[in-house]
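Bear in mind the structure is a predicted one, so any value in this text is a computation, not a measurement. Residue numbers begin at 1 in each chain, while the letters A, B, ... track the order of the sequences. Just so you know, these numbers use all the heavy atoms, side chains as well, and skip hydrogens, waters and symmetry mates.
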Amino acid sequence: MKQNSKEKLKEVFASIKMDAERRFREMKGDSSQNIFIGMATCGLASGATDVKAAFEEAFSEKGISARIIPVGCLGHCYAEPLVIIDRPGFPPILYHDVTPGKAKLLVKAFLEEDDPVFEHLLGAMEKNDLIPWIMDFARFNQEKRVVMANSGLLDPEDIYQYVAKGGYSALVKALTLEQEEIIHEIQDSGLRGRGGAGFLTHIKWQLVRDAKEKDKIVICNADEGDPGAYMDRTILESNPHQVIEGITISAYAVGAKKAIVYVRAEYPLAVKTTKKAIEQAKEIGLLGKGILGTDFDLDIAIFEGSGAFVCGEETALIQSIQGKRGMPQPRPPYPSQRGLWGKPTAVNNVKTMASIPPILNKGAQWYRGIGTERSPGTAIFSVVGNVLHAGLVEIPMGVTLRTLIFEICGGIPNQKSFKAVQIGGPSGGCLPGSSLDTPIDFDSLTQAGAMMGSGGMVVMDEDACMVDVARYFLDFTQKESCGKCTFCRIGTKHLLDVLERITRGKGRQGDIGLLEDLSLDIKAGSLCGLGKTAPNPVITTIKYFRDEYEAHIREKRCPAMMCRTLTAYYIDLDKCARGCDACVGSCPTESIFTTKNRKKGIDQTSCVKCGECMASCPPEYDAVRKVSPPELAPRIERPQETVTHG
Amino acid sequence: MKKKTPMDNTAEIEQEAMLHDIASILRTFVKEISNLIPILQMIQEKHHYLSPRALQMVAKHLKMSSSEVYGVATFYNQFRFYPPGKHQIKVCLGTACHVKGGDIILENFERKLEIKVGETTPDREFSIDRVACVGCCALAPVAIIDDTVNGHMAPSKVEGLILGFDIEKEREKREKQQSEAKQ
Ligand SMILES: Cc1cc2nc3c(=O)[nH]c(=O)nc-3n(C[C@H](O)[C@H](O)[C@H](O)COP(=O)(O)O)c2cc1C
Ligand code: SF4
Ligand code: SF4
Ligand code: FES
Ligand code: FES
C-alpha cells in the first residue's frame with residue numbers, strides 16, 4: 001500500500017476512535033455510577049432480566065442516577081447473575097448470585113450508604129486497599145485472557161465500547177501490511193486452529209491466497225455441535241466484534257470479498273448479537289465497500305445452521321450452505337482449493353478468528369510466549385459437570401488437567417471424589433485420575449486418548465457410570481451420523497446396542513472384545529471425523545475403566561449406581577422415623593407407602609428410581625438407600641389396606 | 001358424507017391462512033436452491049412447523065422434487081413436521097445435563113403429560129422435545145418452557161411447572177366466560 005493511502009487510512013480510523021472515546025467518556029461522565037449486568041445466555045437463565053428490572057425500579061424510586069450496561073459472559077457462570085458496580089470512591093466491585101432482592105439491598109446499602117456489603121461480593125476488579133482483588137483468587141489469576149479479554153466487560157451491542165478499548169486497531173494495522181506479511185505474522189505466532197484438529201492456520205490461508213481463482217471466501221465456523229460445550233456461542237454473545245475483526249483481517253489476507261458466519265439457528269442470542277455487530281461495523285465503514293477508505297471490500301453474511309452435528313465438519317458445512325443435506329465430501333479437494341460454490345474457501349473456528357486481532361496487535365512473539373512450544377496461545381474450555389466453579393475458562397496451553405479442575409475450578413463439590421474427565425465431546429475421551437497430570441495441549445491430549453476437540457470438558461465424580469457415559473455419546477453420534485458411510489451408520493448403531501444391553505444387565509461374555517473390534521472397524525471405514533472419532537468414548541472408557549464394564553456384565557451390577565435397571569432404592573426401616581412422610585410427596589409415581597408400623601416402604605414395581613425420595617429424606621434420618629444389583633434391596637410388600645385409588 | 005363440525009372449519013381456515021402466508025413468504029425469496037434452508041427456517045419461525053402442503057409449495061417454488069425438499073428438511077434437527085403444543089417444553093439432554101439426570105426430568109414430563117418426546121398432547125397444550133446443550137450447563141439439569149429457562153430442575157419441580165400453566169388456563173377460561181356473560 002502506498003504511503004499516502006496508509007496515512008489516510010490511519011486518519012479515517014483516528015476519527016472513528018475519537019468518536020468512540022468521546023462516547024465512552026460521556027457514558028462514564030454523565031452518570032458516574034455504572035452497573036454492568038451479565039446478560040449472556042446463562043445470565044439470562046439465572047434471572048438477570050429480573051435483576052436488571054429491580055435495579056431500574058430502585059433507581060427510579062429513589063431518584064438515583066446510574067447507568068445500566070448489559071454485558072456478556074465473564075466466564076464465571078457458576079455465580080450468575082453477576083453484577084459489577086463501578087462508582088466513585090470505590091474500585092469496581094463484582095457481585096455474585098445477585099437476585100432482585102439483593103439488587104435492591106445493594107442500591108440501598110452501597111449506592112446510598114457506601115457500604116459495599118462484603119458478604120455478597122466476589123472481589124474487586126482492580127487492586128485496592130479495601131476489598132480483596134479478584135486476581136488474588138486462582139479462578140482469576142491462573143487464567144490468561146486473550147480471546148475472552150473483554151468478555152463480560154463491555155456491551156456486545158455497542159461497537160464504540162469495543163473501539164474505545166482498542167478494538168479494530170489490529171484491522172488498521174493489517175490494512176497497512178501486505179497480505180504476505182500478515183500470513184507470515186500468523187506463521188510466526190504458530191497459531192493452530194481451535195476447531196478441534198489444530199491445523200496450522202497460516203497454511204490454510206496461504207493455500208487460499210495462492211489459489212488462482214479470483215473469488216475467494218472466508219467462513220467462520222460457529223456451529224459448535226458438541227452437546228456439552230458453549231464457548232463459541234458465548235464469545236459471539238459477549239464480544240462479537242473481536243470475531244468480526246478477525247474475520248475481516250483473514251479475508252484481507254487471503255483476498256476474499258465475501259465472508260460467512262455459520263451459526264446455529266438454535267442460538268438466537270448469538271445470531272442477534274452477530275447480526276447487530278455486522279450492521280454497526282458497516283455503518284461506520286469498518287465493513288462493506290472501501291473499508292476505512294481503502295480499496296478493500298468485504299461483505300459478511302450470517303448463515304443459520306439447522307442443527308446437525310456433522311455440519312460442523314467443514315465440507316458438510318459447505319454442503320448445507322448450498323442448500324443440500326449436510327454430508328461430508330471426500331477431501332481432497334480441500335475447501336481451500338474448491339470450497340463453497342467451488343471457490344477457494346478458508347474455514348476457521350470462532351476462537352481462531354478471535355485470536356487474530358491480539359496477535360497482530362501484540363505481535364507473534366508475544367503470542368508464542370503464551371502456551372507451549374507446539375501449541376502456542378490459550379485454550380478455552382467450558383468446564384461443567386461435577387465441579388465447583390463451572391463456567392468458561394481460558395488458560396495458557398500446557399496447564400495440567402489437575403490445575404484446571406482442582407485449582408482453577410475449585411474441584412469436586414459435596415465431598416465426592418473425582419472419577420473422570422470427558423474432554424472433546426463425542427469425539428473425545430474419558431481420562432481417569434491417573435491422567436490428571438497431562439498438560440492441556442493438542443498433542444498431549446491426543447496422546448492420552450482424548451482430544452482437544454470442541455473444548456467441552458465434563459468433570460465427573462464417583463457417581464458417574466463410565467459405561468453409561470460411553471452409551472450416552474454413542475447414542476448421540478449414532479443419531480448424528482449422516483449415513484453416508486456404512487461403517488459409521490451401522491457400526492455406531494451396533495456399538496450402541498451392545499452398550500445398551502450392558503447397561504441393562506443383559507451384557508454377554510465377550511462383549512468387551514466385540515466393542516473393541518467394532519471400534520477399530522468404524523475408525524478405519526469412515527470418511528469424516530465424526531465416524532473416525534465416534535468410538536473414542538468407548539475405547540477410552542474400556543481402557544481406563546474396564547472393571548466397570550466387567551461388573552456390569554458379570555455381576556449385573558453398576559458400581560456407580562447410575563444405570564437404573566441395575567439399581568434399586570429402599571427405605572431402611574431402622575432409620576426411617578415413625579410418622580415422618582417427607583419422602584411421600586416427593587415421589588412422582590406414588591410409590592411410597594406406609595408400612596404396618598407407620599414407617600415407609602418403596603413399591604419396587606412402580607418406582608422409576610428418580611432419587612427424589614433420597615434427596616427429600618431429612619438428613620437426621622437419612623433413611624433412603626440405593627443399591628446395585630437391585631436384588632440387594634429388602635422386599636417389603638405394600639400392605640393391602642393402604643392402597644389408595646384416585 | 002360426514003358433516004363438518006365447527007372445529008373442522010376453524011382448522012381449515014387456519015390451514016388456508018397459513019398456506020396463504022407461506023405463499024407470500026416464498027415470493028420474497030429468489031428461486032435458488034441455496035435459499036432452501038433459509039426458506040424452511042422462515043416458515044417454521046412463523047408457523048412453528050412444516051406441513052406436507054408447505055413442503056410441496058417450497059418444492060414447486062424452487063423447482064425441486066418434493067422428496068428432495070423432504071430429504072433436506074428431515075436431515076436437520078431443527079425442523080419439525082407436526083404442529084407443536086401451545087407450550088413447548090424442551091428438555092436439555094446435553095452432556096452436563098445428562099450427567100445430572102436430564103433423562104429423569106424428561107421422563108417426568110412424559111409421564112405427567114402422557115405423551116412421548118416428540119409428541120404433542122391431544123388438546124395441543126403441550127409438546128415435549130429434547131435439545132442438546134442450551135448454554136447454561138452451570139445450571140444443569142435444564143428444561144426450557146416456551147422462552148423461560150428453568151435451571152436446577154428436579155422431578156418434583158415438573159408437576160409444579162405444569163400445574164402453573166393449568167391454573168393459568170383455568171383463569172383465562174373463567175375470564176373469557178365472564179366477559180362473554182357481560183356482553
Ligand atoms: C464431526 C465434526 C464436527 C466438527 N464440528 C466443528 C465445530 O462445531 N466447530 C468448528 O470450528 N470445527 C468443527 N469441526 C472441524 C472443522 O471441520 C474444521 O476443521 C474447522 O472448522 C477448521 O477451523 P480451524 O482451523 O480454525 O480449527 C468439526 C469436524 C468434524 C469432523
Ligand atoms: S463418517 Fe459418518 S458422519 Fe462422516 S461422512 Fe461417513 S457416515 Fe457421514
Ligand atoms: S426413587 Fe423416585 S420413584 Fe422411586 S420411590 Fe423414590 S421418589 Fe419414588
Ligand atoms: S454466561 Fe454468564 S458468566 Fe457465563
Ligand atoms: S448440557 Fe444442558 S445446558 Fe449444557
Side-chain angles (χ1 to χ4, degrees), chain A residues 40-42 44-46 77-78 80 225-230 233-234 237 264-267 269 303-309 311 320-327 341 382 384-386 390-391 422 425 456 458 460 464 469 472-473 476 480 482 564 585-586 588-589 608-612 615-616, chain B residues 32-42 44-45 62 64 68-69 71-79 90 92-105 107-108 111-112 130-140 142 144 147-152 154-159:
Chain A
T41 299
C42 96
L44 294 176
S46 318
C77 310
Y78 60 94
E80 286 275 20
D226 175 349
Y230 62 104
R233 63 129 52 132
T234 308
E237 284 173 1
R264 291 197 160 213
E266 290 127 311
Y267 293 0
L269 188 57
F303 188 91
E304 295 183 36
S306 298
F309 177 56
C311 285
S320 90
I321 299 180
Q322 294 177 170
K324 307 230 179 82
R325 295 155 63 125
M327 289 197 174
W341 313 119
S382 51
V384 301
N386 304 117
Q422 210 285 342
V458 184
M460 288 175 274
V469 168
Y472 168 78
F473 281 112
F476 179 82
E480 295 291 333
C482 80
R564 279 188 279 158
S586 75
T589 56
V608 293
K609 303 169 191 180
C610 70
E612 281 294 286
S616 64
Chain B
E32 274 173 13
I33 292 193
S34 60
N35 275 334
L36 174 56
I37 294 171
I39 288 174
L40 297 177
Q41 284 171 339
M42 179 84 103
Q44 175 154 310
E45 193 182 313
L62 296 177
M64 298 168 72
E68 252 178 293
V69 171
V72 172
T74 48
F75 185 84
Y76 297 98
N77 302 327
Q78 186 194 359
F79 299 117
K90 296 179 193 148
C92 181
L93 292 182
T95 320
C97 290
H98 172 74
V99 173
K100 297 210 171 171
D103 53 337
I104 296 178
I105 306 299
E107 275 174 26
N108 267 281
R111 191 169 35 244
K112 205 72 226 159
R130 51 186 289 171
V131 290
C133 194
V134 293
C136 31
C137 318
L139 309 177
V142 171
I144 302 181
D147 290 318
T148 313
V149 179
N150 299 279
H152 302 298
S156 52
K157 277 196 190 170
V158 169
E159 191 158 350

**OP:** Answer yes or no: is there a side-chain heavy-atom contact under 4.5 Å between A:Y267 and A:E304?
**Re:** no
Subject >> Minimal non-hydrogen separation, B:N108 against B:P155, with atom names >> reply: ND2-CB, 3.3 Å
**OP:** Could you have a look at A:S320, A:A615, A:G425, A:G585 and say which one has the most heavy-atom pairs with chain B under 4.5 angstrom?
**Re:** A:S320
**OP:** Heavy-atom distances under 4.5 Å only: say whether B:E45 touches chain A with side chain, backbone, both or neither.
**Re:** neither
Original post:
Using a cut-off of under 4.5 Å for heavy-atom pairs, which of B:N77, B:L36, B:V149 has the most such pairs with chain A?
Top reply: B:N77
Original post:
For B:T74 and B:F79, what are the C-alpha separation, side-chain angles and deciding distance, and is it a side chain to side chain contact (heavy atoms under 4.5 Å, CB included)?
Top reply: CA-CA 7 Å; B:T74 48; B:F79 299 117; over 6 Å; no
Original post:
Is it the backbone or the side chain of A:S616 that comes under 4.5 Å from a heavy atom of chain B, or both, or neither?
Top reply: neither
Subject >> Modelled atom types, side-chain donor and acceptor of B:Q78 and A:S306, under 3.5 Å >> reply: yes
**OP:** Taking all heavy atoms of A:C42 and all of A:E80, pick out the closest pair and write down the distance.
**Re:** SG-CG, 3.3 Å
Original post:
Picking from A:G305, A:G326, A:A464, which has the most non-hydrogen pairs under 4.5 angstrom with chain B?
Top reply: A:G326
Subject >> Side chain / backbone / both / neither for B:L139 at chain A, heavy atoms under 4.5 Å >> reply: side chain
Subject >> Under 4.5 Å from a heavy atom of chain A, the part of B:E159 involved >> reply: neither
Original post:
Can you tell me if NZ on B:K100 sees more than 12 non-hydrogen neighbours from other groups inside 6.0 Å?
Top reply: yes
Subject >> Heavy-atom pairs under 4.5 Å with chain A, option from B:A140, B:C133, B:C137, B:C136 with the top count >> reply: B:C133
Subject >> Interatomic distance, A:Y230 atom OH to A:T41 atom OG1 [nearest 0.5 angstrom] >> reply: 9.5 Å
Original post:
Under a 4.5 Å heavy-atom cut-off, does chain B meet the side chain of A:E612, its backbone, both or neither?
Top reply: side chain
Original post:
By a 4.5 Å heavy-atom criterion (distance strictly below it), what part of B:I105 contacts chain A: side chain, backbone, both, or neither?
Top reply: neither
**OP:** Work out which heavy atom in A:M460 is nearest to a heavy atom in A:Q422; give both atom names and the distance.
**Re:** CE-CB, 3.6 Å
Original post:
What part of A:C311 lies closer than 4.5 angstrom to a heavy atom of chain B: side chain, backbone, both or neither?
Top reply: side chain
Original post:
Given that the side chain runs from C-beta out, which part of A:R564 has a heavy atom under 4.5 Å from chain B: side chain, backbone, both or neither?
Top reply: side chain
